[in-house]
Amino acid sequence: MKAIVAPQPDGAEELTVVERPVPRVGPGEVLIQVAAAGVNRPDILQRRGLYPPPPGAPDILGLEVAGTVVEAGEGAGELLGKKVCALVAGGGYAEYCVAPAGTCFVVPEVLTLAEAAAMPETLFTVWVNLFERGYAAEGDAVLVHGGTSGIGTMAIALGKLFNLKVIVTCGTDEKCARALELGAAAAVNYRTQDFVAEVKRVTDGEGVSVVLDMVGGDYVPRNLASLSDDGRHVSIAFQQGAKSEVLIPEIMRRRLTLTGSTLRPRSVEFKTMVADEIARTVWPYVEGGRLKPVIDSSVPLDRAAEAHARMEAGEHVGKIVLTVR
């Protein structure tokens with residue numbers, strides 16, 4: 001099969017199409033003939049040599065796929081022949097990909113396979129971090145950075161379904177306008193506005209219950225200033241720095257919670273548990289046509305370098321998808 005690997009870091013042009021054996025399934029796994037694969041920022045970090053795959057994962061890039069199950073291991077036979085999308089620990093940029101049966105969702109007719117491929121990574125990430133670790137509940141105001149990213153657009157969509165007031169930050173007025181069109185309660189241009197002041201204004205001085213942060217660095221103390229008392233700060237990336245300085249007495253006085261997570265290294269058992277939750281609480285909205293990803297663009301597999309370049313340029317709104325078949 002054809003697959004995409006990154007033999008060296010330092011540039012999207014280093015992505016290489018290689019020939020690899022079709023992977024074999026084990027117990028509880030399925031082999032997916034891939035129709036499309038989602039592009040995510042961890043793919044770029046892995047290409048740069050900054051995010052090595054966890055033990056046992058292939059060096060082939062790609063954390064989410066959609067396609068048809070053509071082989072099933074012991075205990076996974078019910079998925080044989082079905083169209084599914086899946087969260088994987090690697091291997092998605094390929095013509096075939098092995099996935100745990102527990103992280104697969106059957107794709108309903110209302111979704112194209114390209115749309116389905118754009119869902120698992122952001123859906124798992126937002127659900128785990130905003131709702132499980134951040135305890136976002138109906139009526140809460142939340143702040144999400146990167147409002148037009150794949151994570152941001154999924155957070156807006158889930159916020160609409162679960163009655164959250166989603167405030168986002170974006171880098172241009174045009175992206176802010178797009179976020180408002182998608183359903184954000186407010187959008188702040190972080191280049192021209194103080195997002196702390198805007199959060200306080202939009203929430204009548206209360207602040208937000210949860211911040212979903214992918215920036216890190218000097219954003220963290222500003223995020224904490226945006227929180228209401230008893231607020232939760234959830235870190236999922238640190239694009240502008242792995243270190244922050246915070247005032248511990250302020251955390252104590254206002255009873256703030258700082259937490260975070262990274263999804264890829266977690267066990268299949270944990271991801272299966274999350275998938276079961278999503279199947280009960282979120283997937284019915286997908287099946288009913290009420291939840292779809294925002295697709296920025298689709299690019300053929302052998303032009304994956306173009307997809308990475310677009311993501312790195314920050315021009316995209318929503319998800320970039322590689323089409324395989």
Side-chain angles (χ1 to χ4, degrees), residues 1-26 28-73 76 79 83-105 113-114 116-122 124-125 150 262-268 271 297-312 319-325:
M1 68 175 186
K2 292 180 180 178
I4 300 284
V5 298
Q8 296 178 8
D10 302 328
E13 67 278 5
E14 297 295 338
L15 293 176
T16 303
V17 179
V18 297
E19 292 285 337
R20 287 287 174 86
V22 174
R24 305 297 299 272
V25 298
E29 295 179 334
V30 296
L31 179 66
I32 300 171
Q33 185 175 12
V34 178
V39 176
N40 294 281
R41 194 159 294 277
D43 304 340
I44 291 173
L45 296 177
Q46 182 175 333
R47 191 201 79 226
R48 292 174 174 172
L50 301 175
Y51 191 28
D59 62 344
I60 298 167
L61 299 175
L63 303 178
E64 58 186 349
V65 297
T68 303
V69 175
V70 294
E71 186 179 339
L79 292 176
K83 293 180 179 179
V84 301
C85 60
L87 182 75
V88 295
Y93 290 17
E95 293 180 310
Y96 293 89
C97 180
V98 167
T103 65
C104 293
F105 297 97
L113 287 175
M119 293 197 72
E121 172 70 11
T122 55
F124 274 73
T125 299
T262 181
L263 181 62
R264 190 180 188 185
R266 298 298 297 269
S267 68
V268 171
K271 294 173 185 176
S297 53
S298 297
V299 180
L301 178 68
D302 59 4
R303 288 164 47 195
E306 296 178 22
H308 277 218
R310 180 166 178 80
M311 178 168 280
E312 288 180 286
K319 291 299 293 282
I320 303 168
V321 176
L322 299 177
T323 54
V324 183
R325 292 182 180 274

query: What pair of heavy atoms forms the shortest contact from Ala72 to Val25, and how long is it?
result: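 Looking at all heavy atoms of both residues, the shortest contact is C-CG2, 4.1 Å.
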
statement: Residues pairing under salt bridge (charged side-chain N to carboxylate O under 4.0 Å, His left out) where one sits in residues 49-60, two or more places apart or in two chains, turn out to be Arg20-Asp59

task: Mark yes or no for whether Lys271, through its side chain, and Thr103, through its backbone, hold a donor-acceptor pair below 3.5 Å.
output: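 No, the answer is negative, given that no donor and acceptor are paired below the 3.5 Å cut-off.
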
Least distance between heavy atoms, Pro54 atom then Ala89 atom: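 Of all heavy-atom pairs spanning Pro54 and Ala89, the closest is CD-O, 4.2 Å.
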
- prompt: In Å and rounded to the nearest 0.5 Å, what is the CG to NE2 distance from Asn40 to His308?
  reply: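 Asn40 CG to His308 NE2: 9.0 Å, rounded to 0.5 Å.
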
query: How long is the span from the CD1 atom in Ile44 to the CG atom in Leu61, to the nearest 0.5 Å?
result: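 Between atom CD1 of Ile44 and atom CG of Leu61 there are 10.0 Å.
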
query: Side chains of Cys85 and Glu64: closer than 4.5 Å at any heavy-atom pair?
result: no

- request: State the CG-CZ distance between Leu79 and Phe105, to the nearest 0.5 angstrom.
  value: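 Rounded to the nearest 0.5 Å, the CG-CZ separation comes out at 11.5 Å.
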
query: Do the non-hydrogen side-chain atoms of Val98 and Val88 ever get within less than 4.5 Å of each other?
result: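 No; the side chains remain at least 4.5 Å from each other.
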
Atom of Ala36, atom of Ala114 and distance for their closest heavy-atom approach: CB-CA, 3.8 Å

task: Would you mind reporting whether Leu15 and Arg47 have side-chain heavy atoms less than 4.5 Å apart?
output: yes

query: When rounded to the nearest 0.5 angstrom, what is the spacing between CD in Glu29 and CZ in Arg24?
result: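 Those atoms lie 11.5 Å apart.
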
message: Can you give me the closest heavy-atom contact between Leu301 and Lys2, atom names plus distance?
response: CD2-O, 4.4 Å

message: Is the shortest side-chain heavy-atom distance between Val324 and Val65 below 4.5 Å?
response: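 Side chain of Val324 against side chain of Val65, heavy atoms only: no contact under 4.5 Å found.
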
- request: Please lay out, stage by stage, how Leu113 and Lys83 fare under the test side-chain contact (heavy atoms from CB on, under 4.5 Å).
  value: CA-CA 8 Å; Leu113 287 175; Lys83 293 180 179 179; 4.2 Å; yes

message: Taking the six-membered ring of Tyr51 as reference, does the cationic atom of Arg264 (NZ for Lys, CZ for Arg) lie under 6.0 Å from its centre and within 45° of its axis?
response: yes

message: Just so I know, are the side chains of Met1 and Glu19 near enough to count as touching, which here means a heavy-atom distance under 4.5 Å?
response: no

query: To the nearest 0.5 Å, what is the distance between OG1 (Thr16) and CG (Asp302)?
result: 12.5 Å

Nearest-0.5 Å distance that lies between atom CD in Glu121 and atom CG in Leu63: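 Interatomic distance, Glu121 CD to Leu63 CG, rounded to 0.5 Å: 5.0 Å.
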
message: Testing the basics here: between Gly90 and Cys97, what is the closest heavy-atom pair and its distance to 0.1 Å?
response: O-SG, 4.1 Å

query: Is the closest side-chain heavy-atom distance between Val17 and Ile4 below 4.5 Å?
result: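 Yes. Closest side-chain heavy atoms under 4.5 Å.
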
query: Does a side-chain heavy-atom distance below 4.5 Å link Arg303 with Leu322?
result: no

Stepwise side-chain contact (heavy atoms from CB on, under 4.5 Å) test for Val39 and Val299: CA-CA 10 Å; Val39 176; Val299 180; over 6 Å; no

message: Measuring only between side-chain heavy atoms, which start at C-beta, is Val22 closer than 4.5 Å to Glu71?
response: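 SC-SC contact between Val22 and Glu71 ruled out.
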
message: For Ala116 versus Pro120, what's the shortest heavy-atom pair and its separation?
response: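 Heavy-atom minimum between the residues: O-CD, 3.2 Å.
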
